Peer 1: 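Following this message is one structure expressed as structure tokens.
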Amino acid sequence: MNRLAGFSMSSRIRSRSWNASEVSVSSPDSRYTTAADSSSSWTSTLSCFQFAIDPPMFHVGSQCLTRESLPSQRASREASRVSVLSWGVVRSGWGPASFRDSPFRLGMGTAGSNDMKPTSIAHALGGQVGVGSEIRIQGWVRTRRDSKAGLSFIHVHDGSSFDPIQVVAGNSLANYESEVAKLSAGCAVDVVGTLVESQGKGQSTEIQASSVEVVGWVEDPDTYPVSPKRHTFEYLREVAHLRPRTNTIGAVTRVRNCLAQAVHRFFHERGFYWIHTPIVTGSDCEGAGDMFRVSTLDLCNIPKTPDGKVDYSQDFFGKETNLTVSGQLNVECYCLALSKVYTFGPTFRAENSYTARHLAEFWMIEPEIAFADLDQDADLADELLKYCFRAVLEERADDMAFFVERIEKTAIERLEKFIATPLTHLDYTDAIEILETCGKTFEFPVHWGADLQTEHERFLAEEHVKGPVAIKNYPKEIKAFYMRMNDDGKTVAAMDILAPGIGEIVGGSQREERLDRLDARIAELGLNIDDYWWYRDLRRYGTVPHAGFGLGFERLVVYATGVQNIREVIPFPRWAGNATF
RNA sequence: UCCUCGGUAGCUCAAUGGUAGAGCAUGCGGCUGUUAACCGCAGGGUUGUAGGUUCGAGUCCUACCCGGGGAGCCA
């Protein structure tokens, strides 16, 4: 017996039409195709199957095509078409005779459509494919409009660009009535045709389809959560698994990727090393906010020490550990050896923050530069931001145009202005004076020594400067222990970059490189000096002035896109009470 | 955690304490090289949950749950 067995990856029956002239089953290695008569009906993706050639047997693994496995609403319509497919062996009573009896043809390619290499829609629309050439695209239906002249216009999207491509499917297609005319938003299709100049308005080229294969149906178009209409962002968050199919989230996703690539390119071009600082930290001295505990202790049976406290010595790491709130202290170690370094990874803050600019899990970029002071630090941040925005304008013009049209009118203008304008530097002391004399009354009074409230930051960035502004040299009382003491003894070399609509996008400082001053600050703040032994070692062995900053990646995406809420710019946002998906 | 607004059809929203509606979406029909198409018809509801007031509650009261916006914290 010629038995072909043990395909571990998923495979798929590639045709579901009753009219199909053939059924092909493909695996990563090869494809098996057989003829099937017009009454055969197939749906579902199969995996882990075995194929026996002689006698014809069909072992189905994890997903078995049965009446029950059919989507509910379709079941009634289609059940009559589905013959009995039992678990394990296809019985002789199942399926069309021609299928059972026909020899399986081995190898690539009996179905012409499956031979052609698919093209991304971005390539098809971008002029890389010549008009008149054969083309194959794979994607999902956005909309379908019918013309009773015997045509359907199908917008197909594959994520490669903002625009979908228009597929023109005529009623001469064998599955036109049975399938093409029933396509709805979200259906997955595999289209072969000719790239032609469009006869209609709205697009220059389109595909005249010679074949439209439905790879995956939408089970119940009536309740498909991402119907072609306007949805609120709040609603889309509840269907976060499907929201990448929308224009906005798709565009945000491409811009986010563009920004991430630009960040790495920026640093790479300047000789920075990307340092993978730990996600799990045993350092309890990061002090940047409430932390998520990491533990393997049984919550129902927590070991206690004799004095009644949690006995972390029995925990996985033998000590209390948490998810990182910043890679800064770790990356400083590498900075003082490799000179120019940065981190770019996930960060976790267990704060009950319900605002449009906070997440419990977010990505942060933290460069650290040796032999550098605060101004060089601020300049680096400015350059990085400008580099990233330039990349977005150049690489994602299509998505940015959409943001201007639907999300934020000034999205492009704002980035262009940012790029063209030198970053405004403002001393904290001067900022306070501006706030005190601006004639505006604030809910929170302004005075030297107080931290800037959101309303103050907004005034400075949105009304006074009307653009991003770096505020430098804050009072030491409101900043972290590691920031470098200025000569005045009152302020530290800290800087925050405030952006309109977002507030603080960058927070950084020159680090205190003098051991005696560092120790004094640790003591002043009542911190346990023993916890900082390795951090202090950096000041004992070849210390140099150095500086760095943290840039909230999602805030960067928010600023670039003009999207209002940070929860829209990360695929699966986490905030207090929300970790579905 | 605090302040504030809200929860009604798949989605967005209406509805003096008195018969729960519209637009979009979906299905069917018509029309059309269409493109947020258009025209007609249809299906679709335990009004967030649990109590209470009332002859009568989507509407008023109480508690809770969920969501938005703002604040704090920060990136």
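Keep in mind that what you see is a predicted model, and the values were worked out from it rather than measured.
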Peer 1: For B:rA36, does either OP1 or OP2 sit under 4.0 Å from a side-chain N or O belonging to A:R406?
Peer 2: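 Looking at the OP1 and OP2 atoms of B:rA36, neither is under 4.0 Å from any side-chain N or O of A:R406.
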
Peer 1: Contact class for A:E234 vs. all strands (heavy atom < 4.0 Å): base, sugar-phosphate, or nothing?
Peer 2: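 A:E234: backbone/sugar contact only, no base atoms under 4.0 Å.
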
Peer 1: Looking only at side-chain atoms of A:F444, point me to the closest of B:rG69, B:rC73, B:rG72.
Peer 2: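 Nearest listed nucleotide: B:rG72.
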
Peer 1: Choose from B:rU34, B:rU12, B:rU1 the nucleotide whose nearest atom is closest to any side-chain atom of A:T232.
Peer 2: B:rU12

Peer 1: Looking only at the side chain of A:D222 (C-beta and beyond, no hydrogens), which of the listed nucleotides B:rA25, B:rG70, B:rG68 gets closest?
Peer 2: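 The listed nucleotide nearest to A:D222's side chain is B:rA25.
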
Peer 1: Reckon A:Q328 touches a base, only the sugar-phosphate, or nothing at all at heavy-atom distances under 4.0 Å?
Peer 2: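 Answer is nothing: A:Q328 stays at 4.0 Å or more from every strand.
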
Peer 1: Please work out if A:E206 contacts a base, only the sugar-phosphate, or nothing of the nucleic acid, heavy-atom cut-off 4.0 Å.
Peer 2: base

Peer 1: To the nearest Å, how far apart are A:D290 CG and B:rC74 C1'?
Peer 2: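 One finds 11 Å between C1' of B:rC74 and CG of A:D290, rounded.
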
Peer 1: What contact category does A:E455 fall into here, base, sugar-phosphate, or nothing, at under 4.0 angstrom with non-hydrogen atoms?
Peer 2: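 Nothing: the residue A:E455, judged by heavy atoms under 4.0 Å, touches no strand.
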
Peer 1: Given the side-chain rings of A:F344 and A:F553, with only the six-membered ring counted for Trp, is the space between their centroids under 6.0 Å?
Peer 2: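 Yes; A:F553 has its ring centre under 6.0 Å from that of A:F344.
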
Peer 1: With a non-hydrogen cut-off below 4.0 angstrom, is A:G202 in contact with a base, only sugar-phosphate, or nothing?
Peer 2: base

Peer 1: For B:rC74, take OP1 and OP2 only and decide whether either is under 4.0 Å from a side-chain N or O of A:S353.
Peer 2: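 A:S353 to B:rC74 OP1/OP2: no side-chain N or O under 4.0 Å.
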
Peer 1: Taking the side chain of A:L151 as its heavy atoms from C-beta onward, which of B:rG33, B:rG27, B:rC73 lies nearest to it?
Peer 2: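 Of all the options, the side chain of A:L151 is nearest to B:rG33.
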
Peer 1: Using a heavy-atom cut-off of under 4.0 Å over every strand shown, decide if A:I502 touches base, sugar-phosphate, or nothing.
Peer 2: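 Result for A:I502 = nothing.
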
Peer 1: Base, sugar-phosphate, or nothing for A:T347, non-hydrogen atoms under 4.0 angstrom?
Peer 2: nothing

Peer 1: Are the aromatic rings of A:F442 and A:H456 close, with centres under 6.0 Å apart?
Peer 2: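 So the answer is yes for these two rings.
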
Peer 1: From the options B:rG33, B:rG68, B:rG10, select the nucleotide whose nearest atom is closest to the side chain of A:T223.
Peer 2: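 The nucleotide sitting nearest to the side chain is B:rG10.
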
Peer 1: Rounded to the Å, how far apart are A:R567 CZ and B:rC66 C1'?
Peer 2: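 Going from CZ in A:R567 over to C1' in B:rC66 covers 13 Å.
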
Peer 1: Do A:R414 and A:Y559 meet the cation-pi criteria used here (NZ or CZ under 6.0 Å from the six-membered ring centre, within 45° of the axis)?
Peer 2: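 Satisfied, under 6.0 Å and within 45°.
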
Peer 1: Find the partner of B:rU53: check Watson-Crick (N1-N3 plus N6-O4 or O6-N4) and G-U wobble (N1-O2, O6-N3) distances, both under 3.5 Å, and reply none if neither fits.
Peer 2: none

Peer 1: Any strand is fair game: report the nucleotide pairing with B:rU16 by Watson-Crick or G-U wobble, both distances under 3.5 Å, or none.
Peer 2: none

Peer 1: According to the Watson-Crick and G-U wobble definitions, with both distances under 3.5 Å, which nucleotide is paired to B:rG23?
Peer 2: B:rC11

Peer 1: Looking at the side chain of A:N578, which of B:rU32, B:rA71, B:rG67 is the nearest nucleotide?
Peer 2: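 So the side chain of A:N578 is nearest to B:rG67.
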
Peer 1: Check every strand shown and say whether A:D146 touches a base, only sugar-phosphate, or nothing at a heavy-atom separation below 4.0 Å.
Peer 2: base

Peer 1: Examine B:rA36: is either OP1 or OP2 under 4.0 Å from a nitrogen or oxygen in the side chain of A:N247? Give yes or no.
Peer 2: no

Peer 1: Please determine, for B:rG40, whether a Watson-Crick or G-U wobble partner exists with both distances under 3.5 Å, and give it or none.
Peer 2: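 Its partner is B:rC28 (Watson-Crick or G-U wobble, both distances under 3.5 Å).
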
Peer 1: Among B:rC11, B:rC74, B:rG33, which nucleotide has an atom closest to any side-chain atom of A:H358?
Peer 2: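 Among the listed nucleotides, the one closest to the side chain of A:H358 is B:rC74.
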
Peer 1: What is the nucleic acid contact for A:Y235, judged by heavy atoms within less than 4.0 Å: base, sugar-phosphate only, or nothing?
Peer 2: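 Result for A:Y235 = sugar-phosphate.
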
Peer 1: Report which part of the nucleic acid A:R237 touches: base, sugar-phosphate, or nothing (heavy-atom distance under 4.0 Å, all strands).
Peer 2: sugar-phosphate

Peer 1: Would A:Q138 and A:D190 count as having a side-chain donor-acceptor pair, cut-off 3.5 Å?
Peer 2: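 Result is yes, a qualifying pair exists.
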
Peer 1: With no hydrogens and no angle check, just 3.5 Å: does a side-chain donor-acceptor pair link A:E134 and A:T194?
Peer 2: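 Side chains of A:E134 and A:T194: pair found under 3.5 Å.
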
Peer 1: Provide, to the nearest angstrom, the distance between the CG atom belonging to A:L242 and the C1' atom belonging to B:rG10.
Peer 2: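 My rounded result for the distance is 13 Å.
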
Peer 1: Where the side chain of A:Y354 is concerned, which of B:rU34, B:rG27, B:rU1 is the nearest nucleotide?
Peer 2: B:rU1

Peer 1: Among B:rG72, B:rG67, B:rC11, which nucleotide sits nearest the side chain of A:Q453?
Peer 2: B:rG72

Peer 1: Verify whether the ring centers belonging to A:W274 and A:H264 lie closer than 6.0 Å.
Peer 2: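 Aromatic pair counts; centres sit under 6.0 Å.
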
Peer 1: Considering every strand shown, what is the Watson-Crick or G-U wobble mate of B:rA71 when both distances are under 3.5 Å?
Peer 2: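 Pairing partner, where one exists within any strand: B:rU1.
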
Peer 1: Quick one: label A:V506 by what it contacts on the DNA or RNA (base, sugar-phosphate, nothing), any heavy atom closer than 4.0 Å.
Peer 2: sugar-phosphate

Peer 1: Measuring centre to centre across the rings, with the benzene-like ring taken for any Trp, is A:Y273 within less than 6.0 Å of A:Y342?
Peer 2: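 Centroid distance A:Y273-A:Y342: not below 6.0 Å, so no.
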
Peer 1: Of the nucleotides B:rG68, B:rU34, B:rC11, which has the atom closest to the A:W575 side chain?
Peer 2: B:rG68

